[in-house]
Asker: 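Pasting a structure below so you can have a look.
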Amino acid sequence: MDDLDGGPKRGAPWKRMSKEELENQYSPSRWVVRLGAEEALRTYSQIGNEATKRAQATGRNLLDVPYGDGEGEKLDIYFPEAVSEALPFLMFFHGGYWQSGSKDSSAFMVSPLTAQGVAVVIVAYDIAPKGTLDQMVDQVTQSIVFVQKQYPGNQGIYLCGHSAGAHLAAMMLLANWTEHGVTPNLKGFFLVSGIYDLEPVMHTSENASLLTTLEVAQRNSPQWHLQTAPTQPVDPACRILVTVGQHDSPEFHRQSRELYQTLRRGGWKASFEELHDVDHFEILWNLTQKDYVLTQIILKTIFQES
């Protein structure tokens, strides 16, 4: 039973951790169970590259479409066989601790989803050191506005992000769409093994030059915003799935569960899933498989099946 009243305990557990333990908790590759850390990262990259090549080879796509004026502000759109504006669109934001990763190796879920009639958009954004967190959040916002304006007859826009990409997708729960002159038809969020409170990351080597002050970390922490100034859902029917792998670290589990609890208290239609026997990388690369549990959850959510 989830404690929806308790919420995050006073004195977050990470504050009692040594620097070494924090480093360990926020290094996903140290928690893989079947491969070594380097081999897991290599396999993850290889599967992403192969899935992207297969998706591009179908020819049913628009590649490197600019959604803004910046050199890195591009996206790829993959269409199902029956192309129509009245499609559901799933937009994917890659991970890589805001410092690595690319849309060009992130089309994991394209084949299983387009086969069922979903258009998939893989979004690039300026990773650090070129991009700041504030810029990345703004670019993701721009990309969603672009898709809504290009395809105003869409049957729903669904946001999916992995790891750092889940953080960027979650930040869209706080977006002020009136500033952009369009309210996107957001119907669902799939937040996969994400980080939603950035303060503990400040105390790890992953911080690099990203989180220079507590203010920057809090400004870019959806968990902090949703706790201190709860945001009401624009569309109460919008579904949010917060998911984490069984073999993700305890801190990734804590962050995911606390975001879920905060969303539930705020009136969002949120659910939580711990996916059995997968680690931080397998949880995403398995999306290449049509029968994978997360693939099926995504499709059932999009097509409103119970």
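Index from 1, following the sequence.
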Asker: Could you tell me if the side chain of I144 sits less than 4.5 Å from the side chain of F89, heavy atoms only?
Answerer: no
Asker: According to a 4.5 Å side-chain heavy-atom criterion applied to Ile, Leu, Val, Met, Phe, Trp and Tyr, with indirect links allowed, do V182 and V121 form part of one hydrophobic cluster?
Answerer: yes
Asker: Please answer whether the main-chain N or O of G188 pairs with a side-chain N or O of R239 as donor and acceptor at a distance below 3.5 Å.
Answerer: no
Asker: Just how far is it from atom CG of L214 to atom CE of M202, taken to the nearest 0.5 Å?
Answerer: 5.5 Å
Asker: N49 and S105: which non-hydrogen atoms are nearest, and at how many Å?
Answerer: OD1-CB, 3.0 Å
Asker: Working to the nearest 0.5 Å, report the span between CG of L75 and OH of Y125.
Answerer: 14.0 Å
Asker: Please determine whether residues W31 and W14 belong to a single hydrophobic cluster, defined as Ile, Leu, Val, Met, Phe, Trp and Tyr linked transitively by side-chain heavy-atom distances below 4.5 Å.
Answerer: no
Asker: Under the side-chain contact (heavy atoms from CB on, under 4.5 Å) rule, what do M172 and V137 come out as? Steps first, then yes or no, please.
Answerer: CA-CA 8 Å; M172 298 302 102; V137 171; 3.9 Å; yes
Asker: How long is the gap from CG on D279 to CZ on R30, to the nearest 0.5 Å?
Answerer: 15.0 Å
Asker: Do the side chains of W224 and L22 join up, straight or via other hydrophobic residues, at under 4.5 Å, putting them in one cluster?
Answerer: no
Asker: I'd like to check the side chain to side chain donor-acceptor pair (under 3.5 Å) partners of H162; sequence neighbours left out, ordered by chain and number.
Answerer: Y44
Asker: Determine whether L41 and F281 make a side-chain contact, defined as any pair of heavy atoms from C-beta on separated by less than 4.5 Å.
Answerer: yes
Asker: Judged by atom type as modelled, is there a donor-acceptor pair below 3.5 Å linking the side chain of T52 to the main-chain atoms of A107?
Answerer: yes
Asker: With sequence neighbours left out, what residues match E274 under side chain to side chain donor-acceptor pair (under 3.5 Å)?
Answerer: none
Asker: What distance separates L241 CG from L263 CG, expressed to the nearest 0.5 Å?
Answerer: 11.0 Å
Asker: Between the side chains of E50 and K53, is the shortest nitrogen-to-carboxylate-oxygen separation below 4.0 Å, so that they form an ion pair?
Answerer: no
Asker: Does a side-chain heavy-atom distance below 4.5 Å link P222 with L173?
Answerer: no
Asker: Can you find a side-chain donor-acceptor pair between Q25 and E21 that sits under 3.5 Å?
Answerer: yes
Asker: Would you indicate whether the side-chain heavy atoms of H280 and V32 approach each other to under 4.5 Å?
Answerer: no
Asker: Do V118 and F303 pass the side-chain contact (heavy atoms from CB on, under 4.5 Å) test, and can you show the C-alpha distance, the side-chain angles, and the key distance before you say yes or no?
Answerer: CA-CA 10 Å; V118 180; F303 294 110; 3.8 Å; yes
Asker: Kindly compute the distance separating CD1 (I47) from CG (N286), expressed to the nearest 0.5 Å.
Answerer: 7.5 Å
Asker: Please enumerate all residues that pass side chain to side chain donor-acceptor pair (under 3.5 Å) together with Q135, with sequence neighbours excluded.
Answerer: T132
Asker: Tell me whether S106 contacts the main-chain N or O of S102 through its side chain, where contact means a donor paired with an acceptor under 3.5 Å.
Answerer: yes
Asker: Go through I122 and M109 one step at a time and tell me if the side-chain contact (heavy atoms from CB on, under 4.5 Å) criterion holds.
Answerer: CA-CA 10 Å; I122 313 291; M109 72 296 296; 4.1 Å; yes
Asker: Is there a side chain to side chain donor-acceptor pair (under 3.5 Å) between E251 and Q255 once you walk through the steps?
Answerer: CA-CA 6 Å; E251 271 295 280; Q255 290 234 8; 4.8 Å; no
Asker: Any side-chain to backbone donor/acceptor pair from E23 onto S205? Under 3.5 Å, distance only.
Answerer: yes
Asker: Look at the aromatic rings of F252 and Y26 and report parallel, tilted or perpendicular, splitting at 30° and 60°.
Answerer: tilted
Asker: Are F272 and Y260 an aromatic pair by the rule of ring centers under 6.0 Å?
Answerer: yes
Asker: My understanding is that only residues two or more places apart in sequence, or in another chain, count here; which of them pass ring-ring contact (aromatic ring centres under 6.0 Å, His included) with Y97?
Answerer: none
Asker: Among pairs that include at least one residue of residues 170-198, which meet ring-ring contact (aromatic ring centres under 6.0 Å, His included), considering only residues two or more places apart or in two chains?
Answerer: none
Asker: Counting N and O atoms only, with roles assigned by atom type, does the side chain of Q223 sit under 3.5 Å from a partner on the main chain of L259, one being a donor and the other an acceptor?
Answerer: yes
Asker: Enumerate the residue pairs fulfilling salt bridge (charged side-chain N to carboxylate O under 4.0 Å, His left out) with a member in residues 181-198, sequence neighbours excluded, ordered by first and then second residue.
Answerer: K187-D235
Asker: Taking only residues two or more places apart in sequence or in another chain, which ones pass ring-ring contact (aromatic ring centres under 6.0 Å, His included) with H247?
Answerer: none
Asker: Got a sec, which pairs hit salt bridge (charged side-chain N to carboxylate O under 4.0 Å, His left out) with one end in residues 33-44, sequence neighbours left out?
Answerer: R34-D277, R34-E282
Asker: Any side-chain heavy atom of V65 within less than 4.5 Å of one from F146?
Answerer: yes
Asker: Going by salt bridge (charged side-chain N to carboxylate O under 4.0 Å, His left out), name the pairs with one or both residues in residues 212-227, residues two or more places apart or in two chains.
Answerer: D134-R219, E215-R219
Asker: I'd like to know if the side chain of S256 and the backbone of H253 have a donor-acceptor N/O pair within less than 3.5 Å.
Answerer: no
Asker: Is any side-chain heavy atom of L198 closer than 4.5 Å to a side-chain heavy atom of L133?
Answerer: yes
Asker: Does Q304 use its side chain to pair, donor to acceptor, with the backbone of T301 at less than 3.5 Å?
Answerer: yes
Asker: Side chains of H167 and W98: any donor to acceptor distance under 3.5 Å?
Answerer: yes
Asker: E73: what forms a salt bridge (charged side-chain N to carboxylate O under 4.0 Å, His left out) with it, not counting sequence neighbours?
Answerer: none
Asker: Are V216 and L174 co-members of a hydrophobic cluster defined by side-chain heavy atoms under 4.5 Å apart?
Answerer: yes
Asker: Using only heavy-atom distances, determine whether the side chains of S221 and E199 contain a donor-acceptor pair under 3.5 Å.
Answerer: no
Asker: Could you list all the salt bridge (charged side-chain N to carboxylate O under 4.0 Å, His left out) pairs where at least one residue sits in residues 91-111, not counting sequence neighbours?
Answerer: D64-K103, D76-K103
Asker: Return the CG to CG distance between L284 and L275, rounded to the nearest 0.5 Å.
Answerer: 11.0 Å
Asker: Side-chain donor-acceptor pair under 3.5 Å between E20 and N24, yes or no?
Answerer: no
Asker: Distance only, no hydrogens: is a donor on one side chain within 3.5 Å (strictly under) of an acceptor on the other, for Q148 and N185?
Answerer: no
Asker: Please examine the side chains of V123 and Y67, heavy atoms only from C-beta on, and report whether any two atoms are closer than 4.5 Å.
Answerer: yes
Asker: What I'd like to find out is whether the side chain of L63 reaches to under 4.5 Å of the side chain of Y78, using heavy atoms alone.
Answerer: yes
Asker: Are Q56 and N61 close enough, and set up right, to give a side chain to side chain donor-acceptor pair (under 3.5 Å), and what steps lead you there?
Answerer: CA-CA 7 Å; Q56 290 179 350; N61 49 56; over 6 Å; no
Asker: By salt bridge (charged side-chain N to carboxylate O under 4.0 Å, His left out), which residues pair with K290, not counting sequence neighbours?
Answerer: none
